[in-house]
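Below: one structure, written as structure tokens.
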Amino acid sequence: MQIEVKTKQKQYTVMLERGLLNKADSLIGRHGHVYLVSEDGVPEIFRKTLQQQYPEAAMYVFPHGEQSKNLSTWQKILEDMLAHDLGRKDTVIALGGGVTGDMAGFAAAAYMRGITYINIPTTSLSMIDSSIGGKTAVDFAGVKNSVGAFWQPDLVLVDPDLLQTLPVRHLHNGLVEAVKEGLTFDPELFAIFEKDDYLDHIDEIIARCLQIKKNVVEQDEREGGIRKLLNFGHTYGHALESYFGLDRYYHGECVGMGMLMIMNNPDLKDRLKKVLERMDCPVSCQYDPDAVYELLCHDKKADHDHVTIVQVDEIGKGHLVDWPLTKLKERLHHE
Ligand SMILES: NC(=O)c1ccc[n+]([C@@H]2O[C@H](COP(=O)([O-])OP(=O)(O)OC[C@H]3O[C@@H](n4cnc5c(N)ncnc54)[C@H](O)[C@@H]3O)[C@@H](O)[C@H]2O)c1
Ligand SMILES: [Zn+2]
């Protein structure tokens, strides 16, 4: 399957097919010299498969994890690109999850004021969520994704075979974003998760998510309007993520709980709870409501008494509504 994403910055292709990594070079073609960026948690066999296709290319491999997503790693990548005489017509290829894509994409955005960037995502989260849309960033001064750029890729190769080695908790972490997209935009996508065999439908799940994200990003490249709908569950989700720190819960797990917390419709809540439980994701947690509320206000930079949240009362019909901060606070106390 192939999707064309048309943004103001550029038009690019997202290919979704098993086995793409094995023929990446024939799909990518030659765009000057190639520079590969990956991290040490991506199975070595995948890195080797790519390197064999680009024997002359340098590869920068950084230590895996969110802890590496910072300006220091970014600078090291740029220094190494310079040391390898990469020029304006050359190409960066990312092979890894969302961390690698964000790092390599931001390096490509800044190097020589922007060079060609190709993404080969290797996690469910990066295939479903972060590979389309052009957001690139690093964490800075303790604030996640606070420094970055919009820099669209030139090509994205999504190969679901690469998910075979992904630990199941990580797999589900990314799939929660797909559940979110189903609830917000696509009842048929949500229906896949209401059956026990949802893992047999990974390719369709990714395809539906890519299509949704393409439609959203094309309408709203810089998150001025409809793109905000992708943030369903993220108001409480982000606050919980900050509250618990990096180790306790994954992003998707916090988003899952965040969706349950913000939803009003009890039947829908119940259905979502069953879906999350089937995925072995947490559906509730112990927290200090005042502390989470503080983090939420900080995250939203709330300088007024309302925030815009995403609400879903009917599957597939996510919409934006204004909630007073007092209501967000009350909910935290009563969950
Ligand atoms: N740019 C965007 O639009 C966007 C959107 C959502 C999230 N993000 C960012 O994405 C990041 C999270 O992405 P992620 O969940 O992919 O995390 P990640 O990149 O850290 O990968 C998760 C873990 O899986 C390992 N891994 C990667 N591929 C593997 C494979 N095929 N087999 C086995 N292990 C593998 C990694 O080494 C890592 O330990 C966050 O930094 C987040 O801010 C960006
Ligand atoms: Zn998310």
Side-chain angles (χ1 to χ4, degrees), residues 21 37-47 49-50 61-70 73-74 94-106 108-109 117 119-140 143-153 156 158-181 184 202 209-210 213 216-217 221-223 227-238 240-242 246-247 249-259 299 310:
L21 179 64
V37 177
S38 191
E39 43 94 328
D40 62 6
V42 173
E44 200 181 351
I45 176 82
F46 300 159
R47 285 187 265 129
T49 302
L50 192 59
V61 180
F62 62 84
H64 68 277
E66 187 73 26
Q67 292 86 345
S68 283
K69 211 177 98 168
N70 55 41
T73 314
W74 182 71
L95 177 71
V99 167
T100 309
D102 277 9
M103 291 289 314
F106 186 34
Y117 162 52
N119 194 3
I120 309 179
T122 64
T123 63
S124 51
L125 185 129
S126 53
M127 292 182 190
I128 282 166
D129 195 8
S130 63
S131 61
I132 300 193
K135 282 189 184 176
T136 74
V138 296
D139 306 334
F140 177 65
V143 185
K144 220 170 127 64
N145 299 325
S146 51
V147 174
F150 279 96
W151 191 247
Q152 304 291 343
V156 182
V158 180
D159 178 353
D161 273 348
L162 306 188
L163 296 177
Q164 280 164 14
T165 51
L166 191 68
V168 69
R169 189 174 165 202
H170 270 296
L171 182 71
H172 281 134
N173 174 51
L175 289 180
V176 174
E177 299 280 3
V179 171
K180 173 203 75 180
E181 298 199 6
T184 318
I202 290 280
C209 288
L210 291 173
K213 194 131 189 213
V216 170
V217 166
E221 221 169 307
R222 293 198 168 233
E223 201 165 311
R227 191 161 176 176
K228 291 195 180 121
L229 291 175
L230 294 171
N231 294 333
F232 178 45
H234 283 63
T235 305
Y236 287 130
H238 276 151
L240 289 176
E241 219 178 339
S242 316
L246 279 181
D247 300 325
Y249 295 114
Y250 291 172
H251 172 75
E253 295 171 344
C254 292
V255 171
M257 291 189 277
M259 290 191 283
D299 182 46
V310 185

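Side-chain atoms are counted along with the backbone in the values below, which use heavy atoms only and exclude waters and symmetry mates. Numbering of ligands and ligand atoms starts at 1, following listing order.
- A side chain to side chain contact (heavy atoms under 4.5 Å, CB included) with Leu166 is found for one member of His170, Gln164, Arg169 and no other, namely His170.
- A salt bridge is defined here as a Lys NZ or Arg NE, NH1 or NH2 lying under 4.0 Å from an Asp or Glu carboxylate O, and Glu181 with Lys213 fails to meet this definition.
- Asn145 and Lys135 share no side-chain donor-acceptor pair at under 3.5 Å.
- Taking only non-hydrogen atoms, the option from Asp139, Leu162, Asn145, Asp102 nearest to atom 31 (N) of ligand 1 is Leu162.
- For ligand 1, the atoms closer than 4.0 angstrom to any heavy atom of Asn173 are 15 (O).
- Taking 4.0 Å as the cut-off, Phe46 counts as a neighbour of ligand 1 on heavy-atom distance.
- Under a 4.0 Å criterion applied to the non-hydrogen atoms of Lys69, ligand 1 contributes the atoms 9 (C), 40 (C), 41 (O), 42 (C), 43 (O).
- Under 4.0 Å from ligand 1, not a single heavy atom of Glu177 appears.
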Would you please test Lys180 and Asn231 for side chain to side chain donor-acceptor pair (under 3.5 Å) and show each step?
CA-CA 9 Å; Lys180 173 203 75 180; Asn231 294 333; 6.0 Å; no
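- Within ligand 1, counting atoms from 1 as listed, the ones closer than 4.0 Å to a heavy atom of Glu66 are 40 (C), 41 (O).
- Judged purely by distance below 3.5 Å, without hydrogens or angles, the side chains of Glu177 and His251 pair a donor atom with an acceptor atom.
- Checking Asp129 against the Zn ion (ligand 2), every N/O/S atom stays at or beyond the 2.8 Å cut-off.
- No part of His251 comes within 4.0 Å of ligand 1, judged by heavy-atom distances.
- With a 4.0 Å heavy-atom cut-off, ligand 1 is reached by the side chain of Pro43 but not by its N, CA, C or O.
- Heavy-atom proximity to Gly97, at under 4.0 Å, picks out these atoms of ligand 1: 16 (O), 19 (O).
- By the 4.0 Å heavy-atom criterion, Gly133 is excluded from the residues contacting ligand 1.
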